[in-house]
Amino acid sequence: YNFLLQNTMNFIETISNYVLENYSVKELPNIAMKALNENIESESIYILAGMDEKDNSFEILQYFNHSLDELQINLPSKTAAAKILTKYYLIKMVENPNKVFEIMKILDNDVYKQIDWKGHERKHIGEELNLEYLYTWYREIQDWIDNGMILYFNDLSRDEQRMKFDENLLLEAKKTLRNNYTY
């Protein structure tokens, strides 16, 4: 499912995935193709788009860096990249309510856990990206899957619990998107 989501990312979202080290240098030609598909063009983008994973990594990286210079694009910081991708995945959660847990798992692994948050003051996991309420329900679903201790909706059947956890995860995704990631 992650592959399908990544295919719908735009150029900046894909670059953000590269910044968070979810893509290697060998995947930069695919990022260049995405740029061309969005009419983002430069001499080096054309060359990079014509390369593939068999080409020399140093040359691929060189053309990628040249294309950024030509386009006057600065790579986002890891935190900025995380915010760009958080917004992307929150939108995907809202668009795919039956996949909220799967998308949250990708958001957790490919975004949140890609940054060392030490040094950031926090009381709750995820608050650096305003995701702390999503993590409440994400963890409940994980506990539900693992037959762990469930803290909410203990008066409901197991299936009804899972439905409520998914509903709440989706509700928090909508709230977080609306309040913190305007689009």
Side-chain angles (χ1 to χ4, degrees), residues 1-32 34-35 48 53 57-58 60-69 71-94 96 99-146 148-149 151 165 168-170 172-183:
Y1 191 72
N2 195 4
F3 175 76
L4 292 173
L5 287 178
Q6 289 175 350
N7 276 346
T8 63
M9 288 183 177
N10 67 29
F11 177 63
I12 297 301
E13 292 158 348
T14 307
I15 283 181
S16 296
N17 240 339
Y18 172 72
V19 167
L20 293 180
E21 300 174 25
N22 293 318
Y23 292 146
S24 72
V25 169
K26 295 288 188 180
E27 294 169 280
L28 292 175
N30 294 332
I31 294 175
K34 198 165 281 275
L48 181 59
E53 68 276 350
S57 293
F58 178 76
I60 292 173
L61 189 56
Q62 200 172 20
Y63 280 107
F64 178 69
N65 289 330
H66 286 315
S67 66
L68 293 176
D69 289 343
L71 296 165
Q72 298 178 341
I73 293 175
N74 293 320
L75 287 177
S77 67
K78 281 195 170 224
T79 303
K83 289 178 180 178
I84 290 166
L85 288 175
T86 295
K87 178 180 177 180
Y88 171 79
Y89 285 120
L90 289 171
I91 290 169
K92 290 299 166 193
M93 290 170 84
V94 171
N96 301 280
K99 296 283 188 191
V100 289
F101 176 73
E102 291 86 347
I103 297 169
M104 183 65 195
K105 189 186 235 180
I106 297 166
L107 176 56
D108 181 42
N109 290 321
D110 290 1
V111 179
Y112 190 76
K113 289 181 178 169
Q114 292 300 92
I115 295 182
D116 178 3
W117 295 106
K118 289 183 187 102
H120 287 77
E121 287 291 320
R122 72 168 184 213
K123 291 182 183 173
H124 304 285
I125 190 166
E127 69 183 36
E128 303 88 346
L129 296 171
N130 300 301
L131 299 174
E132 61 271 27
Y133 297 111
L134 279 85
Y135 272 100
T136 299
W137 301 111
Y138 179 60
R139 287 185 156 171
E140 279 295 293
I141 295 169
Q142 289 174 320
D143 289 341
W144 184 90
I145 290 168
D146 297 337
M149 187 175 82
L151 300 176
F165 296 150
N168 282 308
L169 182 56
L170 178 61
E172 292 302 335
K174 288 177 180 178
K175 279 190 211 171
T176 301
L177 187 59
R178 183 178 57 245
N179 295 335
N180 303 290
Y181 295 93
T182 55
Y183 66 107

Chemist: Is any side-chain heavy atom of Val100 closer than 4.5 Å to one of Ile103?
Modeler: no

Chemist: Sub-3.5 Å donor-acceptor pair from the side chain of Lys99 to the main-chain atoms of Lys92, do we have one?
Modeler: no

Chemist: Distance check, rounded to the nearest 0.5 Å: His66 atom NE2 versus Leu61 atom CG?
Modeler: 9.5 Å

Chemist: Considering residues at least two apart in sequence or located in another chain, which fulfil the ring pair (Phe, Tyr, Trp, His ring centres under 6.0 Å) criterion with Tyr18?
Modeler: Phe64

Chemist: Please test Asn180 against Leu90 for side chain to side chain contact (heavy atoms under 4.5 Å, CB included), starting from the C-alpha separation and ending with a verdict.
Modeler: CA-CA 11 Å; Asn180 303 290; Leu90 289 171; over 6 Å; no

Chemist: Could you state the interatomic distance from CG (Leu134) to NZ (Lys175), rounded to the nearest 0.5 Å?
Modeler: 10.0 Å

Chemist: Over all heavy atoms of both residues, which pair between Leu20 and Gln114 is shortest? Give the atoms and the distance, please.
Modeler: O-NE2, 2.6 Å

Chemist: Hey, what do you get for CH2 (Trp137) to CG (Leu170), rounding to the nearest 0.5 Å?
Modeler: 13.0 Å

Chemist: Can you find a pair of side-chain heavy atoms, one from Glu140 and one from Leu151, that are under 4.5 Å apart?
Modeler: yes

Chemist: How many angstroms lie between atom CE of Met93 and atom OG1 of Thr176, to the nearest 0.5 angstrom?
Modeler: 9.0 Å

Chemist: Just by distance, with hydrogens left out, do Asn168 and Tyr133 show a side-chain donor and acceptor under 3.5 Å apart?
Modeler: no

Chemist: Contact between Phe101 and Ile145 at the side-chain level, heavy atoms closer than 4.5 Å - yes or no?
Modeler: yes

Chemist: Could you give me the CA-CA distance, side-chain angles and deciding distance for Leu75 and Ile15, then say whether side chain to side chain contact (heavy atoms under 4.5 Å, CB included) is met?
Modeler: CA-CA 7 Å; Leu75 287 177; Ile15 283 181; 3.4 Å; yes

Chemist: Any donor-acceptor pair under 3.5 Å linking the side chain of Glu172 with the backbone of Leu169?
Modeler: no

Chemist: Less than 4.5 Å apart, any side-chain heavy atom of Leu85 and any of Asp110?
Modeler: no

Chemist: Taking the side chain as every heavy atom from C-beta outward, state whether Leu129 and Ile115 have any atom pair closer than 4.5 Å.
Modeler: no

Chemist: Is there a side-chain contact between Ile31 and Phe11 in this structure, where contact means two heavy atoms from C-beta onward sitting under 4.5 Å apart?
Modeler: yes

Chemist: State, yes or no, whether a side-chain contact exists between Tyr135 and Asp108 at a heavy-atom distance under 4.5 Å.
Modeler: yes

Chemist: What's the shortest heavy-atom distance between Pro76 and Val19, and which atoms?
Modeler: O-CG1, 3.5 Å

Chemist: Got a salt bridge between Glu21 and Lys78, using NZ or NE/NH1/NH2 to carboxylate O under 4.0 Å?
Modeler: yes

Chemist: How about NZ on Lys105, more than 12 heavy atoms from neighbouring residues, nucleotides or ligands closer than 6.0 Å, or not?
Modeler: no

Chemist: CD/Glu27 to CD1/Ile60 distance, rounded to the nearest 0.5 angstrom?
Modeler: 10.0 Å

Chemist: By the definition side chain to side chain donor-acceptor pair (under 3.5 Å), identify the one residue from Asn17, Thr14, Thr8 that meets it with Tyr88.
Modeler: Thr8

Chemist: Considering all heavy atoms of both residues, which atom of Leu48 and which atom of Ser67 are nearest to each other, and what is their separation?
Modeler: CD2-OG, 4.4 Å

Chemist: Determine whether more than 12 heavy atoms belonging to other residues, nucleotides or ligands lie under 6.0 Å from atom CZ of Phe165.
Modeler: yes

Chemist: Indicate yes or no: at least one non-hydrogen side-chain atom of Leu107 is less than 4.5 angstrom from one of Leu131.
Modeler: yes

